Amino acid sequence: MKRRSVIAGLGALLATGCSKVADSSAGQALFKASNEWHRKAQRALTGRKAMAPEFSRAQISPYFRGNGSLTVGTPAYAAALEDGFADWRLKVTGLVEHPLSLSLDNIHRLPQRTQITRHDCVEGWSAIGEWTGPQLSLLLEAAKLKPEARFIVFHCADRLRGQPYYESIDLDDAFHPQTIVAHSLNGAPLPERNGAPLRMRIERQLGYKHAKYLTMIEAVASLDQIGGGQGGYWEDVAGYQWYAGI
Ligand SMILES: Nc1nc2c(c(=O)[nH]1)N[C@H]1C(S)=C(S)[C@@H](COP(=O)(O)O)O[C@H]1N2
Ligand SMILES: [Mo]
């Protein structure tokens, strides 16, 4: 990855930051013009743009358990963990104008979001944690999606029972403000069990959507050719719902 393309990407990121503000104030004007306050309130509570609840520091779970893969489990991963993931790269690829390959340092230099949210696993447990990282929207704006892009696929370094773990979401969730590429949990670098060095937080979705050990973010037009074609590991192997909105 050439340094120049990272910089070009980040330049694009700043440029699109402005248009986003413009969009949202235009949106807000329309919103205010509407007299249908019931509908508005309802939408704010349940729409795809609604925010997941956020919690206070006092509510953080004392221990955030790991689930599924608790490590990538390869010698290369053990070595990477040992040296602070200096050579780890997160690629942003597929249907984008400017493919990116970001180091952890690049990720840390982006504007950051910190959020204290509750993780809900379908296996029947929850935990509250404080997550930090750049919004996925920043990376996607830097890479600039092609118009055909409809889904974002998250590729992971681990395999679970021999199959690569992966997940995917639509653009509503991809551009949701609480969808972040997290590098920290409770103010410290992600523990190995929780997906070091990078994992997704997609706060309007159930736990299995939050891909850990993230290596590549791919924009695609269709999920048919990815993995088993159902859009995620658990969707392929156990028929879990692809849309796991909460
Ligand atoms: N790469 C990868 N991501 C994954 C999994 C996994 O096994 N591998 N398990 C998923 C499931 S089912 C849950 S509940 C959460 C668990 O996150 P945690 O280990 O931080 O508790 O990660 C999700 N993301
Ligand atoms: Mo889960």
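As the structure lists them, so they are numbered: ligands from 1, and atoms in each ligand from 1. Only a predicted model underlies this, so the values are computations on that prediction, with no experimental measurement involved.
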Nearest to atom 11 (C) of ligand 1 by heavy atom, F64, W125, Y208, Y166: which? Y208
When every non-hydrogen atom of S69 is compared with those of L160, the smallest separation belongs to OG-CD1, 3.6 Å
Where on N67 is there a heavy atom closer than 4.0 Å to ligand 1, on the side chain, on the backbone, on both, or on neither? both
Atoms in ligand 1 flagged as close to Y213, the criterion being non-hydrogen separation under 4.0 Å: 1 (N)
Check the angle between the aromatic planes of H119 and H210 and answer parallel, tilted or perpendicular using the 30° and 60° thresholds. perpendicular
Among all protein heavy atoms, pick out the one at the shortest distance from atom 10 (C) of ligand 1; state its residue, atom name and that distance to 0.1 Å. Y165 OH, 3.3 Å
Go through ligand 1 atom by atom and flag the ones less than 4.0 Å from a non-hydrogen atom of L160. 7 (O)
Atom 21 (O) of ligand 1 - nearest protein heavy atom and its distance: R65 O, 2.6 Å
Hey, which atoms in ligand 1 end up nearer than 4.0 Å to a heavy atom of C156? 1 (N)
Salt bridge or not for E203 and R201, using N-O below 4.0 Å? yes
May I ask you to identify, for R193, whether its side chain, its backbone, both or neither come under 4.0 Å of ligand 1 on a heavy-atom basis? backbone
With heavy atoms only and a cut-off of under 4.0 Å, state how S69 meets ligand 1: side chain, backbone, both or neither. both
For atom 14 (S) of ligand 1, closest protein heavy-atom neighbour: H119 NE2, 3.2 Å
Starting from atom 17 (O) of ligand 1, what is the nearest protein heavy atom, named by residue and atom, and what distance separates them? R199 NH2, 3.1 Å
Out of Y77, F154, W88, which residue meets the ring-ring contact (aromatic ring centres under 6.0 Å, His included) rule with Y213? Y77
When distances are taken from atom 1 (N) of ligand 1, the protein heavy atom at minimum range is D158 OD1, 2.6 Å
Let me confirm one number: the CD-NE2 distance from E141 to H98, rounded to the nearest 0.5 Å. 12.0 Å
At what distance is the nearest protein heavy atom to atom 3 (N) of ligand 1, and which residue and atom is it? K212 N, 3.0 Å
If we set the cut-off at 4.0 Å for heavy atoms, which region of F154 has an atom near ligand 1: side chain, backbone, both, or neither? neither
Using a strict 4.0 Å cut-off to heavy atoms of G68, name the atoms of ligand 1 that fall inside it. 7 (O)
In terms of residue, atom name and distance, what is the protein heavy atom nearest to atom 23 (C) of ligand 1? G207 O, 3.4 Å
Between R48 and D173, does any NZ, NE, NH1 or NH2 come within less than 4.0 Å of an OD or OE carboxylate oxygen? yes
Nearest-contact summary for atom 24 (N) of ligand 1 - protein heavy atom, Å: H210 O, 3.0 Å
Any Y208 side-chain heavy atom under 4.5 Å of Y233 side chain: no
Identify, by atom number and element, the atoms of ligand 1 in contact range of C121, meaning under 4.0 Å from any of its heavy atoms. 14 (S)
Rounded to the nearest 0.5 Å, the OG atom of S184 sits from the CD atom of E130 at a distance of 9.0 Å
Does a donor on one side chain sit under 3.5 Å from an acceptor on the other, for E192 and T71? yes
Mind checking whether H155 and Y166 have parallel, tilted or perpendicular rings, split at 30° and 60°? parallel
Would you say that more than 12 heavy atoms from the other residues, nucleotides or ligands in this model lie under 6.0 Å from the CZ of R65, or not? yes
